Amino acid sequence: MVKKDEVKNQFNLEGKVAIVTGATGALGSAAAWGYGYAGAKVMLTARTESKLKALCDQMQAEGIQCAYRIGNPANEAEVESVVAATVEEFGSIDILMCSAGMNNPKPILEQPTEEWEAIMDANVKGTWLYCKKAGQVMREQGRGGKVILVSSTRGKLGMKGYTAYSPSKAAIDLMAKSLACEWGEFGINVNAIGPTVFRSDLTEWMFEDDTARTKFLTRIPIGRLGEPEDYVGVCTFLASSASDFITGTTIYVDGGYLAG
């Protein structure tokens, strides 16, 4: 039977502890703000300390309990350090949001192997390492958890110059499915989010270029590009009890891009 109090509290993250990787990026910071406003304690991590400190200061000024640690998500020792610091600071880990990633589009014949490896390290290896290290803590706590990975509509669709990025995001989709099978018995839900183009420092040009924006919007039924606030709801949903019976799936936040 549906109960009023349970419905009202489904998206409440009070008492939960979240790690957000890539926290200084547009989508990572949106997730961090969402978790903080929903009541979670948030460990922010990325590679640039000045940006992390600025974000943490802003969140604390809003009454959000948070901390930060710098770290390269593709470096196992640094991932271990961030995970250990989270447990030391907040006592547990309940939510893992893997937002760290990168892209460097180039035709395959022009892309050095080192660039391809860097994209795979940032998007796949870093996600795998955080799942491994934070997942171990969740297993040992024995009360389940929520793992949210960041995929992309490009994990479903090929594109010129994307022979690194698109395969890396397809790998994220299958990582979510595989871990869902592996961790379901422990009450750990693993899902992915597949965004389309969202406003960020890297995509601002598309918002300003009428020709590029108009061309892209012919594929988006909702008729606009994504804003960070469009991303917060699904992040909170997948981190909350509202998604307890959902695992191993990718939810596309794309304005209908894949529907066409």
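Because the structure is a prediction, the values reported are computed rather than measured. All residue numbers in this chain count up from 1 along the given sequence.
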Inset, instruction - State plainly whether one hydrophobic cluster holds both V190 and V137, where clusters connect Ile, Leu, Val, Met, Phe, Trp and Tyr through side-chain heavy atoms under 4.5 angstrom apart. - result: yes

Inset, instruction - Go through I172 and T127 one step at a time and tell me if the side-chain contact (heavy atoms from CB on, under 4.5 Å) criterion holds. - result: CA-CA 8 Å; I172 294 300; T127 298; 3.8 Å; yes

Legend entry - ILVMFWY network linking I19 to V150, side-chain heavy atoms under 4.5 angstrom: no

Throw together a table of side-chain donor-acceptor distances under 3.5 angstrom for residues 31-44, partners on residues two or more places apart or in other chains.
residue	atom	partner	partner atom	Å
Y35	OH	C235	O	3.2
Y37	OH	E62	OE1	3.2

Legend entry - Reference residue E80; test salt bridge (charged side-chain N to carboxylate O under 4.0 Å, His left out); the match among K133, K132, R69: K133

Legend entry - Side-chain heavy-atom pair I70, T48 within 4.5 angstrom cut-off: no

Inset, instruction - Answer whether the closest heavy-atom distance between the side chains of P167 and W116 falls below 4.5 Å. - result: no

Inset, instruction - Decide whether I64 and F90 are clustered together by the hydrophobic rule: side chain heavy atoms of Ile, Leu, Val, Met, Phe, Trp, Tyr closer than 4.5 Å, transitively. - result: no

Inset, instruction - Flag the pair M175 / L179 as yes when at least one side-chain heavy-atom distance between them is below 4.5 Å, and no otherwise. - result: yes

Inset, instruction - For T249, check side chain to side chain donor-acceptor pair (under 3.5 Å) against everything at least two apart and list the hits. - result: none

Inset, instruction - Any chance you could lay out the side-chain contact (heavy atoms from CB on, under 4.5 Å) test for F198 and D230, step after step, and finish with the verdict? - result: CA-CA 9 Å; F198 272 72; D230 294 316; 3.8 Å; yes

Legend entry - V20/T45 under side-chain contact (heavy atoms from CB on, under 4.5 Å): CA gap, chis, key distance, verdict: CA-CA 6 Å; V20 179; T45 183; over 6 Å; no

Inset, instruction - Taking all heavy atoms of A164 and all of Q111, pick out the closest pair and write down the distance. - result: CB-OE1, 4.0 Å

Inset, instruction - Report the residues that fulfil salt bridge (charged side-chain N to carboxylate O under 4.0 Å, His left out) with E227, sequence neighbours left out, ordered by chain and then residue number. - result: R199

Legend entry - Residues that R139 engages under side chain to side chain donor-acceptor pair (under 3.5 Å), provided they are two or more places apart: none

Inset, instruction - Check whether any side-chain heavy atom of V7 sits under 4.5 Å from a side-chain heavy atom of V2, and report yes or no. - result: yes

Legend entry - Any residue meeting side chain to side chain donor-acceptor pair (under 3.5 Å) with K146, in chain and number order, not counting sequence neighbours: S243, D244

Legend entry - Shortest non-hydrogen contact between A134 and L96, atoms and distance: CB-CD2, 4.0 Å

Legend entry - Minimal non-hydrogen separation, M138 against G145, with atom names: SD-CA, 3.9 Å

Legend entry - D254/R219 ion pair, N-O < 4.0 Å: no

Legend entry - Backbone N/O of K215 and side chain of T218: donor-acceptor pair under 3.5 Å: yes

Inset, instruction - With sequence neighbours left out, write down each residue that passes salt bridge (charged side-chain N to carboxylate O under 4.0 Å, His left out) with D94, or none if nothing qualifies. - result: R143

Inset, instruction - Could you tell me whether a side-chain N or O of N191 sits under 3.5 Å from a main-chain N or O of I251, the two making a donor and an acceptor? - result: no

Inset, instruction - Applying side chain to side chain contact (heavy atoms under 4.5 Å, CB included), name anything that partners L129, two or more places apart in sequence or on another chain. - result: E76, V79, K125

Inset, instruction - Verify the neighbour count for atom CD1 of I108: are there more than 12 heavy atoms of other residues, nucleotides or ligands below 6.0 Å? - result: no

Inset, instruction - For residues C66 and C56, report the shortest heavy-atom separation together with the two atoms involved. - result: SG-SG, 3.1 Å

Legend entry - Nearest heavy-atom neighbours spanning Y252 and S152: CE2-O, 3.8 Å

Inset, instruction - Using the side-chain contact (heavy atoms from CB on, under 4.5 Å) rule, take M97 and L238 through it: C-alpha gap first, then chi angles, then the decisive distance, then the call. - result: CA-CA 10 Å; M97 160 57 81; L238 290 176; over 6 Å; no

Inset, instruction - Taking the side chain as every heavy atom from C-beta outward, state whether S151 and I193 have any pair of such atoms under 4.5 Å apart. - result: no

Inset, instruction - Please indicate whether E140 has more than 12 foreign heavy atoms, meaning atoms of other residues, nucleotides or ligands, lying under 6.0 Å from its CD. - result: yes

Inset, instruction - Give a yes or no on whether a salt bridge exists between D173 and K169, defined as a side-chain N under 4.0 angstrom from a carboxylate O. - result: no

Legend entry - Donor-acceptor side-chain pairing of N189 and T247 below 3.5 angstrom: no

Inset, instruction - Say whether W128 and I93 are linked into one hydrophobic cluster, either directly or through other cluster members, by side-chain heavy-atom distances under 4.5 angstrom. - result: yes

Legend entry - Main-chain N/O of A100 paired with T21 side-chain donor or acceptor, under 3.5 Å: yes

Inset, instruction - Decide yes or no for L149 and C131: does some side-chain heavy atom of the first lie under 4.5 Å from some side-chain heavy atom of the second? - result: yes

Legend entry - M102 with V197, same ILVMFWY side-chain cluster at under 4.5 Å: no

Inset, instruction - Using the test salt bridge (charged side-chain N to carboxylate O under 4.0 Å, His left out), find all partners of E115 that sit at least two apart in sequence or belong to another chain. - result: K106

Legend entry - Test item: E78 side-chain N/O and N72 main-chain N/O as donor-acceptor pair under 3.5 Å: yes

Inset, instruction - Identify the two heavy atoms, one from T153 and one from T196, that lie closest to each other, and give their separation to 0.1 Å. - result: OG1-CA, 3.9 Å

Legend entry - With sequence neighbours excluded, residues passing ring-ring contact (aromatic ring centres under 6.0 Å, His included) with F186: none

Inset, instruction - With sequence neighbours left out, write down each residue that passes salt bridge (charged side-chain N to carboxylate O under 4.0 Å, His left out) with E117, or none if nothing qualifies. - result: none

Legend entry - side chain to side chain donor-acceptor pair (under 3.5 Å) involving Y257 - partner list, sequence neighbours excluded: R154

Inset, instruction - Sequence neighbours left out, what passes ring-ring contact (aromatic ring centres under 6.0 Å, His included) with Y162? Give chain and number order. - result: Y165

Inset, instruction - Could you check if a side-chain atom of N12 sits within less than 4.5 angstrom of a side-chain atom of S240, using non-hydrogen atoms only? - result: no

Legend entry - I222 CD1: over 12 foreign heavy atoms closer than 6.0 Å: no

Inset, instruction - Could you tell me whether a side-chain N or O of N103 sits under 3.5 Å from a main-chain N or O of I119, the two making a donor and an acceptor? - result: no

